[in-house]
Amino acid sequence: MELELSGIVIIVGAYGSGKTEVAINLAVHMNAAGTAVRLADLDLVNPYFRSREARQALRRLGIDVVLPPARYMQADLPILTPEVSGMLRHPSGLTLLDVGGDDVGATVLAALADPMRGKIPQVLQVINPNRPYTDTVRGCLKMRKAIEAKARMTITGIIGNANFMEETTEQDILAGHAFVKHVAEAGNIPLMFITTPAALLTRLDKKDIHCPVLALRRQLVPPWKQADALGASDSKG
Amino acid sequence: MAKVLMKGNEAIGEAAIRAGCLNYFAYPITPQSEVAEYLVRRMPEVGGVFLQGESEVAVGYMIFGAAGAGERVFTTSSSPGISLMSEAISYIAAAQCPAVFVNIMRGGPGLGGILPSQADYLQATKGIGHGDCRLLVMAPASVQEAVEMVMKAFPLAEKYRNPVMILGDGLIGQMMEPVEFPDHLKTEATNKDAWATNGMDHRNSKTRNLVKSLFLDPVQLNDNNLVLKAKYDRMRAEEVMSESYHTDCDYKGLIVSYGTMSRVCRTAVDMLKAEGIDVGMVRPPDGFSVSRKGRCRGSDEAVVHPCAEHRDEHGPDGRGC
């Protein structure tokens, strides 16, 4: 099942749910599939592990990364560059927004209501059931409500991102898939896709998975690890 | 409990609760504010208290107050905030009260930056506040270690009636790793009636407990310092931890490292090994041992070259000084 996304896609979710890794890998995947991709790092609330850290790898692949001015790159200041409004007014290909965590991180979206007027963005909630407070269906729905209230937007789909970082097993992926399916049903919105570490993709038993699977190559790693090589296209079950 | 994927800052907050600490006072500062964000939600669920002070100076004395009353209490901050708390830490050490301080270090000196750094080593291990005060220091290299050190910190603080510091950096605070909270590390405070100012009604002893750090009589002050000195010596003798990596060979060099930098160094040791060069690494997670030859296996033979660590956006890079 192919993963197809275009237009304005906004990645939201609980703090630490994996939004940035999903956004980076989604950008790489759609770019490899021939879609022009612009990715904006809208994480204004946390100065660590943001998509700006992967900007060089992304730009090498021809992905347009929209960031605050270089001299403010390491600041924990809520800088919203005007370029973001521009890309929302004139979206092309896939216009991807990587938003900060929880409802606090999603607050920035309310400020972008004007450039998004008349557009129909897809707002996708990333869920990792192995994280505190999103380990129950109820917890995920509560998070959804909180984000929607602050963002003044409706969440339109779910992304399953069950993982324990490099300790993720095939069983974790399958259990996570079953979990996010419940969340999607309970919230009456579609499950857009799930993720798996690229190394597990071929081994994964996909007979019960009826949605696309995005292979993740981890980019935001601590300094004693190497990021996985980006660029190879290995889609989908 | 099952494995859960947590940020270091969240895991530190949860570990304190699992250790039986229900009092957390703090003031926000990057890169440790997630501890407060986690506990503001979590403490009410377990009947605990999170109270934000108006500054780190205030928080330091809120900790002193709760510790003096015999309550398990802890705070978290980052480098400049810990400097502001150092006055209270000295008072707490002088009055011999147990408390736990977590420093999620950022770059300095001054306001420095908000990215990770391990530059508060001297501050933490060689005397933090004024006077002859010392901390018991533990420096985790992983989120799991941070959890276990926080859980051990409370009984250790009570054993020595002394502040304990967990010395982590922005990476420990911000990175996510799978963690478990070992049940066997849950403890209860014992013997606090001997010193805590928690009321006399329930005590058998009718001796008044007094929490104080003022000793105007120089003989009394000297006596208190000798008591503290004996205690610090006991801490150093009894609480030494060490870890060695690739030292069971005829190594050509030995790296001494701590905290997250030890994980960078492990990778370097592996890379050098792949090139046929044997280099070992020793790590003192207790923070005391670097300057104490012989504490870490293999370090007797080592000539230690102190290095400042420096990190920029291109990655870690050790530069000699």
Side-chain angles (χ1 to χ4, degrees), chain A residues 14-21 43 45-50 52-56 67 70-77 100-105 127-135 139 142-143 146 161-169 171-172 175-176 218 220-227, chain B residues 1-11 13-14 28-34 37-38 41-42 45 104 106-107 112-116 141-144 169-180 257 260-271 309 311-317:
Chain A
Y15 186 64
S17 56
K19 297 171 295 300
T20 296
E21 288 288 359
D43 189 341
V45 293
N46 185 294
Y48 279 70
F49 297 111
R50 296 184 284 195
R52 59 195 65 176
E53 292 177 33
R55 63 192 179 279
Q56 277 133 353
L67 296 171
R71 63 192 173 127
Y72 300 125
M73 200 82 88
Q74 303 296 351
D76 54 350
L77 299 169
D102 283 1
D103 50 335
V104 178
I127 292 173
N128 181 357
N130 305 310
R131 292 271 302 142
Y133 294 103
T134 52
D135 51 352
K142 195 173 165 194
M143 180 59 64
N161 186 42
N163 75 86
F164 283 108
M165 313 292 269
E166 54 263 52
E167 292 181 27
T168 311
T169 63
Q171 187 47 42
D172 296 327
R218 208 172 147 206
L220 306 181
V221 292
W224 54 88
K225 283 184 185 151
Q226 294 264 330
Chain B
M1 182 208 170
K3 203 165 59 170
V4 56
L5 185 62
M6 292 184 99
K7 290 218 168 213
N9 284 334
E10 299 166 338
E14 184 65 30
I29 180 172
T30 305
Q32 64 76 52
S33 297
E34 293 83 3
E37 283 166 20
Y38 182 79
R41 178 149 64 170
R42 187 79 176 106
E45 291 176 357
I104 299 298
R106 58 189 250 175
I114 54 176
L115 290 179
S142 69
V143 178
Q144 183 64 44
D169 67 346
L171 267 173
I172 285 288
Q174 296 287 336
M175 67 188 288
M176 291 206 296
E177 288 186 316
V179 287
E180 288 176 284
S257 184
T260 56
M261 193 46 73
S262 72
R263 291 176 79 170
V264 174
C265 292
R266 262 173 188 267
T267 304
V269 167
D270 290 343
M271 290 165 79
E309 70 172 72
R311 192 189 303 269
D312 62 22
E313 67 163 349
H314 305 297
D317 156 26

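Per chain, numbering begins at 1; letters A, B, ... match sequence-line order.
Here B/K7 contributes atom NZ and A/F49 contributes atom CZ; the two are 7.0 Å apart, rounded to the nearest 0.5 Å. Residue A/T134 holds its OG1 atom at 9.5 Å from CG of B/L5, rounded to the nearest 0.5 Å. Here the straight-line distance linking atom CD of B/Q174 with atom CG of A/L220 works out to 12.0 Å at 0.5 Å rounding. Atoms CZ and CH2, on B/R263 and A/W224 in that order, are 4.5 Å from each other to the nearest 0.5 Å.
Using a 4.5 Å cut-off between heavy atoms, A/D135 does not touch chain B at all. With a threshold of 4.5 angstrom between heavy atoms, B/R41 approaches chain A through its backbone and through its side chain. Contact annotation for A/F164: both backbone and side-chain heavy atoms come within less than 4.5 Å of a heavy atom of chain B.
Among B/G170, B/S33, B/G113, the residue making the largest number of heavy-atom pairs under 4.5 Å with chain A is B/G170.
With a 6.0 Å radius and a threshold of 12 heavy atoms from other residues, nucleotides or ligands, A/Q226 has its CD atom at or below the threshold. At most 12 heavy atoms of other shown residues, nucleotides or ligands fall within 6.0 angstrom of atom NZ in A/K142.
Considering every non-hydrogen atom in both B/M175 and A/P222, the closest pair reads CE-CG, 4.3 Å.
In the model, B/E10 has no side-chain atom that pairs as donor or acceptor with a side-chain atom of A/Y15 under 3.5 Å.
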